[in-house]
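Per chain, numbering begins at 1; letters A, B, ... match sequence-line order.
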Number of protein chains: 8
Amino acid sequence: MNSEIRKTLEAVKNGELSVDDALLAIKKEPFEDIGYAKVDLHRGIRQGAAEVIYGAGKTPEQMVGIIGAMLEHEVKTILITRLSEEKAEKIQKTYPQMDYRKDAKIGTIGQFPAADGLGKIVVATAGTSDIPVAEEAALTAEAHGNEVVRLYDVGVAGLHRLLAHMDEIMSASVIIAIAGMEGALASVIGGLADCPVIAVPTSIGYGASFGGVSALLSMLNSCASGVSVVNIDNGFGAGYLASMINHITEGKKS
Amino acid sequence: MNSEIRKTLEAVKNGELSVDDALLAIKKEPFEDIGYAKVDLHRGIRQGAAEVIYGAGKTPEQMVGIIGAMLEHEVKTILITRLSEEKAEKIQKTYPQMDYRKDAKIGTIGQFPAADGLGKIVVATAGTSDIPVAEEAALTAEAHGNEVVRLYDVGVAGLHRLLAHMDEIMSASVIIAIAGMEGALASVIGGLADCPVIAVPTSIGYGASFGGVSALLSMLNSCASGVSVVNIDNGFGAGYLASMINHITEGKKS
Amino acid sequence: MNSEIRKTLEAVKNGELSVDDALLAIKKEPFEDIGYAKVDLHRGIRQGAAEVIYGAGKTPEQMVGIIGAMLEHEVKTILITRLSEEKAEKIQKTYPQMDYRKDAKIGTIGQFPAADGLGKIVVATAGTSDIPVAEEAALTAEAHGNEVVRLYDVGVAGLHRLLAHMDEIMSASVIIAIAGMEGALASVIGGLADCPVIAVPTSIGYGASFGGVSALLSMLNSCASGVSVVNIDNGFGAGYLASMINHITEGKKS
Amino acid sequence: MNSEIRKTLEAVKNGELSVDDALLAIKKEPFEDIGYAKVDLHRGIRQGAAEVIYGAGKTPEQMVGIIGAMLEHEVKTILITRLSEEKAEKIQKTYPQMDYRKDAKIGTIGQFPAADGLGKIVVATAGTSDIPVAEEAALTAEAHGNEVVRLYDVGVAGLHRLLAHMDEIMSASVIIAIAGMEGALASVIGGLADCPVIAVPTSIGYGASFGGVSALLSMLNSCASGVSVVNIDNGFGAGYLASMINHITEGKKS
Amino acid sequence: MNSEIRKTLEAVKNGELSVDDALLAIKKEPFEDIGYAKVDLHRGIRQGAAEVIYGAGKTPEQMVGIIGAMLEHEVKTILITRLSEEKAEKIQKTYPQMDYRKDAKIGTIGQFPAADGLGKIVVATAGTSDIPVAEEAALTAEAHGNEVVRLYDVGVAGLHRLLAHMDEIMSASVIIAIAGMEGALASVIGGLADCPVIAVPTSIGYGASFGGVSALLSMLNSCASGVSVVNIDNGFGAGYLASMINHITEGKKS
Amino acid sequence: MNSEIRKTLEAVKNGELSVDDALLAIKKEPFEDIGYAKVDLHRGIRQGAAEVIYGAGKTPEQMVGIIGAMLEHEVKTILITRLSEEKAEKIQKTYPQMDYRKDAKIGTIGQFPAADGLGKIVVATAGTSDIPVAEEAALTAEAHGNEVVRLYDVGVAGLHRLLAHMDEIMSASVIIAIAGMEGALASVIGGLADCPVIAVPTSIGYGASFGGVSALLSMLNSCASGVSVVNIDNGFGAGYLASMINHITEGKKS
Amino acid sequence: MNSEIRKTLEAVKNGELSVDDALLAIKKEPFEDIGYAKVDLHRGIRQGAAEVIYGAGKTPEQMVGIIGAMLEHEVKTILITRLSEEKAEKIQKTYPQMDYRKDAKIGTIGQFPAADGLGKIVVATAGTSDIPVAEEAALTAEAHGNEVVRLYDVGVAGLHRLLAHMDEIMSASVIIAIAGMEGALASVIGGLADCPVIAVPTSIGYGASFGGVSALLSMLNSCASGVSVVNIDNGFGAGYLASMINHITEGKKS
Amino acid sequence: MNSEIRKTLEAVKNGELSVDDALLAIKKEPFEDIGYAKVDLHRGIRQGAAEVIYGAGKTPEQMVGIIGAMLEHEVKTILITRLSEEKAEKIQKTYPQMDYRKDAKIGTIGQFPAADGLGKIVVATAGTSDIPVAEEAALTAEAHGNEVVRLYDVGVAGLHRLLAHMDEIMSASVIIAIAGMEGALASVIGGLADCPVIAVPTSIGYGASFGGVSALLSMLNSCASGVSVVNIDNGFGAGYLASMINHITEGKKS
């Protein structure tokens, strides 16, 4: 942003831009205002990147509008998370090219880019019920150009199921550990692996799991190094961050 | 208790006991009232059993009084938990035979009985800081006639440290799993072992461990079967229960 | 597990097993991977034991698959907990031999084994509303070969109702105390009995019972010795642990 | 208060009072403003009643001032609760007639009135550590003219200790049930007695007792009828309310 | 209870009762076991008293059974609280004489007794939405022989509405103060009145009222003396306790 | 109120009012009792002011009654908040002139007054989902005579969207900052603006947002000066307070 | 800020400023970096305003440095809140002109400006223990040019004490209502007054007051309109906001 | 680990290792057992890496022992976090070469390695009080071979202070955002930067900050992508994870 201000200042200095236009430019650029939402496009600068729409609180009409604005700006891949089946059907009337993944509650428009990250992202879940959150993470990562390895139902109560996958764990560049209930998976994987572990507590469980609080606290208190945590059920956030880590050398070195 | 009522009723029927004496007997029997406390002696019926005094909220004078009443009733082994060093020193003026274990904050009077349980009780901790709670559990179990195996600092972030002790874990009759922070030890041990696991959350940790709440919730939500939980830092409770389980065949079969 | 590693190592040494086959063996053995779930069969080693499926988060199709894998491995008794009536009906289309207990939300396939535990397991509830949780505990215990005595609606506000059953309480080898609201039943039973008491808080109550938190805290803070706690509404966990305790002498002594 | 407004209005009507004096009267009457505190004297209207000062947040100087104002208004009995030993000593320099009860952290000035309530108030505690709160309740009740029966250390884990005092429980007009930890005493007494039970949770306990929260929730969720609850450690509140109930017929009938 | 034991003992002594019959008598007397519930009848001893059924967790069939057992024991007035309209209709098929009050979700069978308490019970609410809880309290009190004065919608944000009813407040023998949201009504009434105030927090409110927790805490922390608290929305508990206090002289004096 | 008492007292003195009528006047004046509610009209004294009905807990019939009483007292503008569509339709049968705003769940009767405040009130939201709460605030402010500027979807994760509106922020007389999730908007606006900021946490979010608690705590802990907070989702409260501040010079100076 | 950018842009256009200098200017202006802290001076633009230092987490040396930077920039009045006595004495060695108010834990340097607000700010407390917070609020307001009226110890349990001050309440332009325990003062004042009420919960109380949480929730749920809340014990925040409201007409109208 | 098992299996096959030695090797390798602790050395495999000791719960003697074991294994850099000044002095008696950083409560032994990460790690704090946590993070990162840029006291209430450092923020490879109170810094930085942001809530704050809970929830709910969270005050965890991310290409690609 700073460099954009510099460019604008240079343009003003060179007489290429009036003061008022400069002010306008600073204000208007990085998003398009479509009334009920300001469609954020600043990630679109990097050629080919995906944009993600959080579908939970939006009407189908709002989402159709946002998709339209994105397509106009030539966004190549669009992911819509937390998308119910009914809403998906309404969107598909306008955009029949949208693919809907019922288990992950995700709609996708456009091709997924080829994987170009540093390594593989492992997505592991403690149980079968954690799979929807895991798919949200996995698809987000794939949509941003990552190879994803899925290890589902490898919870710590049956340690052998996890240990059977030591190869995948040891060769991952980032691991997303997803668990509800007591959330111990993140600590155990964190102790085994030597790469960053992103822990995702899920709301799976009952009684004193308090909708994911038990797993959340477990993960925050992990005695393993290299573990950090995102919000309960936040598969998207984990997938996005994992992708960011997996692409980290791009242009940061110099 | 019911059978005591029956005995008393029989005695009344047989004229051996007046109605008023019967009433008195029912009221008075199983404890001795020493004013500020009702010294509970009903566990003393079983020959040679230990009695345990919870030292935290009591003055040295009160404890001296309770010890006196117990010795008079020929209690063989007395354990005083949560006993600070200053209080211990004051008690030792009256009862110099009391042994004080500073690390476990426990005072003991009398010999420990020989181990006569079904098997061994394993006491495992996740970290070094959990040892005081573990010693409270271990000494309680030993005072009640159990052989105890200590496995300290075997937390799940270094799984190899735990797996190195599979022999002890597989051959235990009861395991006490003690951990603060994320409390995952109970789940992992619960998944490995095939005996009852008593989980003790500790107040070790900081930040979002909330004085043991994180570990407590973890343990309550354990996805491993056969795990139950006692109060935070309740080493005594775990040791007592483990001993009860380890002596379970005595007289219950017929 | 350790001894299995030893056996495998011996086999490798003797040339009976290649290194790669050994690795494969270690990884594959104790569970069968059916895609969406890893069916755990390591408890099936002991002849005749029951397997329990937690039905809450699973689709009927997934459960049919898991049942199939279990039957193929000759599991004799299958219990499906937290099973809604609709799901049960769908499963019964494939497995009409499944019995459905509506009050306990439990489906059962196969015969229950004869009771072969050390003694009787008493399942006591404070109120009528706690019965579904109690039945989950009782059926779990019965499916694992235990004799169960049910004492329902014996809450402490009417102490006479509980005291009327002193015989059962005094002769139990394990007691499961189930209560919502203030959860005092566990403490009172814990004070009366001389066997392990497994306390199950239930979500029964309103207002400041906070979905079982009040009972949970009560039970964790029980001033009676020998009481431990499982998760809110976790009837299965209590029944399984009680069975484990009730069978504890099997092979642990030497 | 309404009737006082009426009297003042009558006086204005009769010309006995100017409008400004009437306004002044309404404002000034029921308390005396001594700068840092408004000493409340409206309970002093009833002849002979005690006044209670909450000592926790006040300096010795402030308390000396308040005592002085009270003595000037001929308050017969003054109780100062939550009074530390140091503060007590400082107050005794001005008011050497103040009695200090160290165990209850209470100072008293003046004679206690003769008991003139409907019946006896029973003050029961679960443990020895609850006694300071109990004494605060008992002394408050005695200072307001009640006969108090103390039943200490009768917690539910040793039910026989409580049942031994059925006579006192059945003949009480009000019972104050004081307990920390799991707080079950209130429910059990509530189920046995047929008089109002005021439950006082105490901060006694550790771990998941959360400074009295566990006992508080237990008591609020009591399944026994006739139980109500005051704040954690609020012995004064319970004693005052018990006295109010025990004096209830005075002048309310007609 | 104690005196009943004495009577039984006397009978045994006199040979009027065998030991076994005595044991049986002690166990069986104060309730009737109808399988799924133990109908408590010990309050029915006092001639004419009402019995109350908590309808929330019970099926219509269970309630019909309980009503039947009560009518057989000649209970004069039956109150069923937390009774939904559908359940009420089903019960009315068997007991068409049941009256159903939709606003209070209460069914009543039999006549209400004449008011014979010491004075009037005032039931006050902060808002209109608190009325269902208030009616549960008021009807419970009326069913137990009390005169009730209703003061609805007198919350402290409009203090004049409350002050307009000073007459009723000053002449009450007990006041039930019912409020959700910030729950200040109990403190203000407690400061004005000179009789016991039973505070009932309600779950009315939104956001940070947390289902009644805000009001509950407010009431527990009331700076007014003479205030005690029952569970959130527990109108029945407040009405029952108020009646108990309002009838307190009966037989307690001597 | 005090001055009204004075006037009444003067009238009594002058013989214009009997004592009983004076008492009655004090009691009756500022509200009208329509049975199930006391319609508050004391804000109606200021000519032309709006009255607001909180629609959440009221039946359509009750609201029709309250509207009627208000119209009779010539209230010019009526706002009904938290009004569901079904209830709105029922009310419109009696008052077809009611306008219903579905997005804000608000019904309005009568014209909105001209804006006569000191300046403009800015209503800003972090996201699109916060708009219903924002409209409740904005309409409340407009109904009370304020000019409102809406800045929606300007959350801090896209700071440029907020900075693009520095003109509106710097020229506001009051700002209402509405945000769910992490609630950072209030702090950032509070740091930028030099006018009072009213923060409204919303229940928008999932997982560890705990229904608005996360945003609430954020806002209470704002490190920016001049920020205060209202209840979660309390758009009305913020709008009303903003209007109060924006009209503050009226008659307070002298 | 926007207009400053505009000025800078104009200067660049006019050749008065190089691009690099412009960038520097934008970055450097509004604060002075003294290494361990960035002294914020942007409020200093308005002639004569006070600056406030939050003393709690700072060393005396750091505060001396910050004071020095402020005095250099000719700040007229400096207030240091949460200042312990020891720290104050150390600061006074460098700045002997600093006045220290022990009760409020506040240090002041320089003269307080004349009151030039729209009206009076009333600071009211429920009890004596709330006074330190109240003084923090009052002194902050006075330091920013406001007349303050103090009403201490007017809690709602003695409503007459509050009603005696109706004149001050009705004539305030802003009221700061400070209370711990049940926090009802804010609601009652909010119902009586017709100006903005800033509620300050305090940590005064014990047991279920949870360090101010009870009062905080009460105040957030206030059923009175015009009430907003700041953090627990945040006297400064309330005083600053009250001053902001009391000076609101300055330059916002056009 | 898996490859180590393979190596061991190969050695057994080749007759280079007996079965018992193989078992021993698997158990013993990755840590050294010094009695009270199992010194973990498996990170020491990578040449030159630092080891970190968590000093909080350990005695000086224990730490001296652990340091000794590490030095023997030629660990080059040792960091001891949460080390109090007294303990540091005791350790320095044995290891005078230990450097002690009082502000960060960190002791260091050995040289820090040259920075060899992908880019720079920015450590930003909201306030001055957050610096100790920040230094723990910064030193941990430096000890693991990273270049660290410190941006302290750039909280969002003075946005200009943060925006003045856009260059550093835009060129970081990882950012650690440290804040107490409302924790908004993480969201704002997360919205500005395009690299992973590790958020560290601190326990700085008072009242409703609840020892860091407010900041923790804020950060978990961050609406900015690419933000993850570690435990409250966990500077070490953030620094370690940041280093892991900053070194991520090492050997993961192929």
(message) Would you say that more than 12 heavy atoms from the other residues, nucleotides or ligands in this model lie under 6.0 Å from the CD of G:E74, or not?
(response)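 Atom CD in G:E74 is not crowded, with 12 or fewer foreign heavy atoms closer than 6.0 Å.
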
(request) Heavy atoms only: give me the nearest G:N231-H:A208 pair and the separation to one decimal. (result)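 It is OD1-N, 2.8 Å.
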
(message) Within the 4.5 Å heavy-atom criterion, are H:Y206 and G:I232 side-chain neighbours or not?
(response)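 When only atoms from C-beta onward are counted, G:I232 and H:Y206 do not touch, as no gap falls below 4.5 Å.
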
(message) Measuring from atom CG of H:D103 to atom OG1 of G:T59, what distance do you get when rounded to the nearest 0.5 angstrom?
(response)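 Those atoms lie 11.5 Å apart.
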
